[in-house]
Student: 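Here you go, one structure.
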Protein chains: 2
Amino acid sequence: MCPYRIVLEHVTSRWGVLVLIELLDRPYRFSELRRAIGRVGRVSEKMLTQTLQTLERDGLVHRDAKPVIPPRVDYSLTDLGREAADQVRALALWTEQRMPDVERARHTYDEARTRSAQAS
Amino acid sequence: MCPYRIVLEHVTSRWGVLVLIELLDRPYRFSELRRAIGRVGRVSEKMLTQTLQTLERDGLVHRDAKPVIPPRVDYSLTDLGREAADQVRALALWTEQRMPDVERARHTYDEARTRSAQAS
DNA sequence: CAGCATCCGGTACGATACTG
DNA sequence: CAGTATCGTACCGGATGCTG
């Protein structure tokens with residue numbers, strides 16, 4: 001499989017999308033980020049960790065761990081990450097905007113299928 | 001979960017991305033589309049069917065089934081689908097472009113981890 | 001050719017408990 | 001607080017066989 005597709009899948013992954021969009025606003029701490037995303041769709045601690053590690057490895061997210069007690073870790077976007085996040089957010093906004101059209105299309109589709117089911 | 005996130009996941013899904021990008025060039029028949037995508041990552045017949053149905057239901061893809069023997073079905077983008085596909089392609093192109101940066105970031109990341117593993 | 005039905009393995013994902 | 005480790009499950013996705 002093409003190497004760039006891997007990165008594309010990281011960026012467009014379920015939680016990757018949400019992480020990038022949230023971090024576009026401002027840096028977040030781990031649990032804080034988890035709560036912020038939680039308003040849209042609950043993410044498990046494990047998945048958030050995994051997603052952040054993947055994005056960090058790809059150079060999209062910067063992890064700043066301060067050696068204090070209790071631990072404090074801040075996540076932010078790198079310049080590269082911001083470029084990706086901008087595009088992802090644009091896509092998300094577009095989706096939100098076009099939701100009515102999608103709903104209408106679905107309704108038409110479902111009705112057509114219901115009819116043909118009745119006809120059988 | 002927010003309704004628009006569902007659509008976003010359809011669009012950014014593994015095969016959804018590739019279908020949208022391919023259809024941006026021109027309409028495709030089923031098997032033809034499968035082969036076209038196959039150059040990047042093999043997709044099973046089942047997944048392609050499923051992806052196309054989802055995108056059709058969301059009003060992004062138009063399905064034109066001609067009642068002939070042998071069957072001929074053409075898939076194309078709707079206006080709505082083209083809007084989505086444009087954004088997805090932009091993201092894919094960006095990813096391809098920035099691949100060197102990602103590779104470099106990964107190398108740095110992996111090396112740092114190797115070192116700390118040796119230190120233990 | 002286009003697609004549906006069925007079975008099945010891998011893994012993505014969540015819940016929980018534990019550590020520094 | 002910010003994770004790691006372990007376990008169980010649900011679902012993704014592939015392989016195969018069949019239909020119009």
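Letters A, B, ... are given to chains in the order of the sequence lines, protein chains preceding strands, and every chain is numbered from 1. None of these values were measured; they are calculated from a predicted model.
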Student: Are OP1 or OP2 of dG3(C) and a side-chain N or O of Arg63(B) less than 4.0 angstrom apart?
Tutor: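 For Arg63(B), the contact criterion (side-chain N or O under 4.0 Å from OP1 or OP2 of dG3(C)) is met.
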Student: Tell me whether the side-chain N/O atoms of Arg34(B) come closer than 4.0 Å to OP1 or OP2 in dG3(C).
Tutor: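 No, no such contact exists.
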Student: When you measure from the side-chain N and O atoms of Gln53(A) to the phosphate of dG3(D), is any distance below 4.0 Å, counting only OP1 and OP2?
Tutor: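 False: Gln53(A) side-chain N/O out of range (4.0 Å or more) of dG3(D) OP1/OP2.
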Student: Would you classify Gln50(B) as touching base, sugar-phosphate or nothing, given that sugar-phosphate means primed atoms plus P, OP1 and OP2, and contacts are heavy atoms under 4.0 Å?
Tutor: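 Gln50(B): no heavy atom of the nucleic acid under 4.0 Å.
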Student: If the cut-off is 4.0 Å, is Ser31(B) near the phosphate of dA2(C), judged by side-chain N/O to OP1 or OP2?
Tutor: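 For dA2(C), OP1 or OP2 has a side-chain N or O of Ser31(B) closer than 4.0 Å.
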Student: Can you check the Leu33(A) CG to dC1(D) C1' distance for me, whole Å?
Tutor: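 It works out to 14 Å between those atoms.
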Student: Using a 3.5 Å distance criterion without hydrogens, assess whether the side chain of Arg39(A) forms a donor-acceptor pair with backbone atoms of Ala36(A).
Tutor: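 Yes; judged by distance alone, with no hydrogens or angles, the pair exists.
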Student: Among dC1(D), dT6(C), dG3(C), find the nucleotide with the atom closest to the side chain of Lys46(B).
Tutor: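 Nearest to the side chain of Lys46(B) among the choices is dT6(C).
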Student: If you take atom types as modelled and just measure distance, does the side chain of Glu45(B) reach the base of dC1(C) with a donor-acceptor pair under 3.5 Å?
Tutor: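 Per atom types, no contact qualifies.
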Student: Salt-bridged, Arg26(B) to Glu32(B), with N to O below 4.0 Å?
Tutor: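 Judged by the 4.0 Å cut-off on N to carboxylate O distance, Arg26(B) and Glu32(B) do form a salt bridge.
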Student: Before accepting this row, confirm whether a basic side-chain N of the pair Asp110(B)/Arg113(B) lies closer than 4.0 Å to the acidic partner's carboxylate O.
Tutor: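 Arg113(B) and Asp110(B): not salt-bridged.
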Student: Output a table of donor-acceptor pairs, distance under 3.5 Å, between side-chain atoms of residues 64-81 of chain B and any protein atom two or more places apart or on a different chain; print 'none' if there are none.
Tutor:
from	atom 1	to	atom 2	distance (Å)
Lys66(B)	NZ	Asp74(B)	OD2	3.1
Arg72(B)	NE	Asp74(B)	OD2	3.0
Tyr75(B)	OH	Arg63(B)	NE	3.3
Thr78(B)	OG1	Gly59(B)	O	2.7
Thr78(B)	OG1	Leu60(B)	O	3.1
Thr78(B)	OG1	Leu80(B)	N	3.4
Thr78(B)	OG1	Gly81(B)	N	2.9

Student: Find the distance Glu56(B):CD to dA2(C):C1' and express it as a whole number of Å.
Tutor: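 So the two atoms are 13 Å apart, to the nearest Å.
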Student: Would you say dG3(D) has OP1 or OP2 under 4.0 Å from some side-chain N or O of Tyr75(A)?
Tutor: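 Yes.
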Student: Using atom CD1 of Ile69(A) as one end and atom P of dT19(C) as the other, report the distance to the nearest whole Å.
Tutor: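 These atoms are roughly 16 Å apart.
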Student: Using OP1 and OP2 only, check whether a side-chain N or O of Arg29(B) sits under 4.0 Å from dC1(C).
Tutor: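 Arg29(B) to dC1(C) OP1/OP2: no side-chain N or O under 4.0 Å.
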Student: Without decimals, in angstroms, what is the distance between Met47(A) CE and dG8(D) C1'?
Tutor: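 These atoms are roughly 14 Å apart.
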Student: Round to a whole Å and report the spacing from CG of Leu52(B) to C1' of dG13(D).
Tutor: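 For the pair Leu52(B) CG and dG13(D) C1', the rounded distance is 15 Å.
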